[in-house]
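Side chains are part of it too, since the values below use all heavy atoms of this structure and drop only hydrogens, waters and symmetry mates. Keep in mind it's a predicted model, so treat the numbers as computed, not measured. First the proteins, then the strands, lettered A, B, ... as listed; each starts at 1.
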Amino acid sequence: MEMLIKMHTSDALQQIFDLLHSHYGPLDWWPGDSPFEIMVGAILTQNTNWRNVEKAIDNLQAADLLSLEKMNQQPSESLAEIIRPAGYFTVKAARLLNLCRMLKERWHCDLENFLQQSKDTLREELLMVKGIGPETADSIILYAAEQPVFVVDTYTHRILSRHDIIPEEYDYSEIQETFTDNLEESVSLFNEYHALLVQVGKDFCKKSKPDCESCPLRVLLPAT
DNA sequence: CACCAGGCAAGTA
DNA sequence: TACTTGCATGGT
């Protein structure tokens with residue numbers, strides 16, 4: 001009679017990180033030049049392939065709109081046309097302007113001061129903006145403000161539940177706690193870990209056609 | 001052709 | 001509270 005002993009969560013999370021890190025090495029996220037560009041990218045990439053986001057950001061660059069003050073002066077309709085390739089473009093244009101308006105009215109466009117708040121108040125303030133939810137807020141806190149929060153996305157949920165490390169029905173905060181309760185609180189670790197999960201998700205853990213045979217996590221069973 | 005991608009808010013019961 | 005639906009382009 002054979003027995004399968006479930007690994008402790010902290011050991012599993014450490015093993016996943018080690019496997020991914022030795023497979024991919026440092027990924028140098030976030031792919032954006034300034035804190036403002038990172039914040040814009042975080043909104044544009046909501047439920048959208050990053051390739052499409054890059055096209056939209058190129059358009060914004062060409063229109064010289066990658067600054068808070070300039071974007072804030074842009075009418076919603078023309079901003080929408082510029083970010084069209086990112087999809088959901090009317091909704092996302094409004095969301096970008098909601099963020100710009102909050103930063104102007106509450107922070108007088110001083111991004112540095114805004115991002116230097118404690119991560120908890122920063123998160124509260126971001127979540128008050130209509131169009132910024134938990135993942136977008138946490139992406140901004142980790143990658144623009146460089147403060148230690150763990151970012152959870154659909155790949156994080158899919159990979160951990162398929163490997164039986166968390167239950168399928170875990171929500172955002174439960175998944176986030178799984179990481180923060182079992183890892184040292186470190187900006188560079190959280191940065192790299194989320195980037196690695198997204199990368200391995202794109203490469204091997206697509207929703208309907210996973211490629212578990214060649215996935216670097218195949219030694220952790222079960223999967224698919 | 002169908003399906004999906006680094007979510008979120010609003011509507012329904 | 002717990003589901004469902006709209007938003008939309010571009011790649012496989």
Please pick, from [options], the nucleotide with the shortest atom-to-atom distance to any side-chain atom of [X].
X         : options                : value
Thr90(A)  : dC8(B), dT9(C), dC7(C) : dC7(C)
Glu135(A) : dA8(C), dC8(B), dC3(B) : dC8(B)
Tyr88(A)  : dA5(B), dT9(C), dA8(C) : dA8(C)
Arg84(A)  : dC8(B), dT9(C), dA5(B) : dT9(C)

Does a side-chain N or O of [X] approach OP1 or OP2 of [N] to a distance below 4.0 Å, or not?
X         : N      : value
Arg51(A)  : dC4(B) : no
Thr48(A)  : dA8(C) : no
Thr136(A) : dC8(B) : yes
Ser208(A) : dC3(B) : no

Which part of the nucleic acid, if any, lies within contact of [X], taking any heavy atom under 4.0 Å across all strands shown: a base, the sugar-phosphate backbone alone, or nothing?
X         : value
Ile43(A)  : nothing
Asp153(A) : sugar-phosphate
Thr156(A) : nothing
Val198(A) : base

Can you establish whether the number of heavy atoms outside Lys202(A) located under 6.0 Å from its atom NZ is more than 12?
-> yes
To the nearest 0.5 angstrom, please state how far the CZ atom of Phe190(A) sits from the CG atom of Asp138(A).
-> 10.5 Å
Measuring from Leu96(A):CG to Leu60(A):CG, what's the distance to the nearest 0.5 Å?
-> 7.5 Å
Pick the nucleotide of DNA chain C nearest each of Lys55(A) and Phe89(A); which residue has the one closer to the 5' end?
-> Phe89(A)
On DNA chain C, check which nucleotide each of Arg95(A) and Asn49(A) is closest to and give me the residue with the more 5' one.
-> Arg95(A)
For dA8(C) and dG11(B), measure between their P atoms and round to the nearest Å.
-> 16 Å
Pick the nucleotide of DNA chain B nearest each of Val129(A) and Ser139(A); which residue has the one closer to the 5' end?
-> Ser139(A)
Using heavy atoms to find the nearest nucleotide of DNA chain B for Trp29(A) and Lys130(A) separately, return the residue whose nucleotide is more 5′.
-> Trp29(A)
Calculate the interatomic distance between [X] atom [atom1] and [N] atom [atom2]; express it in whole Å.
X         : N       : atom1 : atom2 : result
Lys209(A) : dG11(C) : NZ    : C1'   : 10 Å
Asn52(A)  : dC7(C)  : CG    : P     : 18 Å
Glu54(A)  : dT9(C)  : CD    : P     : 19 Å
Lys202(A) : dC3(B)  : NZ    : P     : 23 Å
Gln46(A)  : dA8(C)  : CD    : C1'   : 13 Å
Lys207(A) : dG7(B)  : NZ    : P     : 11 Å
Asn59(A)  : dT9(C)  : CG    : C1'   : 12 Å
Lys92(A)  : dG10(C) : NZ    : P     : 12 Å

Reference residue Phe179(A); test side chain to side chain contact (heavy atoms under 4.5 Å, CB included); the match among Thr156(A), Val151(A), Thr9(A) = Thr156(A)
Test log, rule side-chain contact (heavy atoms from CB on, under 4.5 Å), inputs Thr136(A) and Ile140(A) | CA-CA 6 Å; Thr136(A) 307; Ile140(A) 290 171; 4.3 Å; yes
Would you indicate whether the side-chain heavy atoms of Leu68(A) and Lys104(A) approach each other to under 4.5 Å?
-> no
